[in-house]
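Okay, structure first, notes after.
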Amino acid sequence: QVQLVESGGGLVQPGGSLILGCVATGATASINGIGWYRQAPGKQRELVAVKTKGVAANYGPFVQGRFTISRDNTKNMVTLQMNSLKPDDTAVYYCHADYHCTSSFKGWCDAWGQGTQVTVSS
């Protein structure tokens with residue numbers, strides 16, 4: 001149905017910036033919401049940012065204005081611009097999408113990317 005591939009992870013110094021990209025393929029026209037989650041060792045997976053059709057972007061409370069999510073439907077891509085990065089931002093970042101599907105009785109399905117490592121360290 002929908003496949004997601006992330007890119008852009010890596011090592012960055014505290015206070016630095018990083019851009020993550022996620023490209024969707026498959027039934028991209030059916031995607032309703034798309035965004036990013038992250039998971040650090042010993043912690044639960046948490047929402048970073050999400051952009052749903054017709055709704056303003058939603059960010060996790062730790063973002064504090066530092067990140068910006070951009071969705072380009074023509075390119076089937078979502079970008080996360082991360083600035084003022086902190087060591088606590090170190091985690092595996094996963095792209096996520098919810099979309100219309102016929103395989104679920106609810107009419108909705110989820111797709112996850114493979115994850116990309118972001119490490120903030122001196």
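Bear in mind the structure is a predicted one, so any value in this text is a computation, not a measurement.
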Which residue pairs pass the disulfide (SG to SG under 2.5 Å) test with at least one member in residues 48-88, sequence neighbours excluded? none
With the 4.5 Å side-chain cut-off for hydrophobic clustering, are Y37 and I34 part of the same group? no
Report yes if the side chains of L4 and Y94 come closer than 4.5 Å at any heavy-atom pair, otherwise no. no
Could you check if a side-chain atom of I69 sits within less than 4.5 angstrom of a side-chain atom of V50, using non-hydrogen atoms only? no
I would like to know whether M82 and V118 meet side-chain contact (heavy atoms from CB on, under 4.5 Å); could you show each step before the answer? CA-CA 11 Å; M82 302 189 293; V118 172; 4.1 Å; yes
Hey, could you give me each pair passing salt bridge (Lys or Arg N to Asp or Glu O under 4.0 Å) that has a residue in residues 75-87? Not counting sequence neighbours. none
Salt bridge (Lys or Arg N to Asp or Glu O under 4.0 Å): which pairs involve residues 37-51, sequence neighbours left out? R38-E46, R38-D89
Linking directly or through intermediates, with side-chain heavy atoms under 4.5 Å: list the remaining ILVMFWY members grouped with M77, chain and number order. V23
The side-chain hydrogen bond (donor to acceptor under 3.5 Å, both in side chains) partners of T25 (sequence neighbours excluded) come to Q3
Please report the closest heavy-atom contact between S17 and Q81, naming both atoms and the distance. CB-NE2, 4.0 Å
Side chains of residues 6-14: which donor-acceptor partners sit under 3.5 Å, not counting sequence neighbours?
from : atom 1 : to   : atom 2 : distance (Å)
E6   : OE1    : Q114 : N      : 2.9
E6   : OE1    : Q114 : NE2    : 3.2
E6   : OE1    : G115 : N      : 2.9
E6   : OE2    : C95  : N      : 2.7
E6   : OE2    : G115 : N      : 3.1

Could I get the full list of side-chain hydrogen bond (donor to acceptor under 3.5 Å, both in side chains) partners for T119, not counting sequence neighbours? Q117
Hits for side-chain hydrogen bond (donor to acceptor under 3.5 Å, both in side chains) against T28, two or more places apart or cross-chain, chain-then-number order -> N76
S84 OG to Q64 CD distance, which is reported to the nearest 0.5 Å: 10.0 Å
Sequence neighbours excluded, every pair satisfying ring pair (Phe, Tyr, Trp, His ring centres under 6.0 Å) that has a member inside residues 52-84: none
Expected list for residues 99-112: side-chain donor-acceptor pairs under 3.5 angstrom, two or more places apart:
from : atom 1 : to   : atom 2 : distance (Å)
S104 : OG     : K106 : N      : 3.2
S104 : OG     : W108 : O      : 3.4
D110 : OD1    : H96  : NE2    : 2.9

Give the cluster check for L80 versus L47: same hydrophobic cluster or not, with ILVMFWY residues linked at side-chain heavy-atom distances below 4.5 Å. no
Nonpolar side-chain network containing V55, other nodes, edges under 4.5 Å: none
Residues passing the side chain to side chain contact (heavy atoms under 4.5 Å, CB included) test with N73, sequence neighbours excluded, are R71
Do the non-hydrogen side-chain atoms of I19 and T79 ever get within less than 4.5 Å of each other? yes
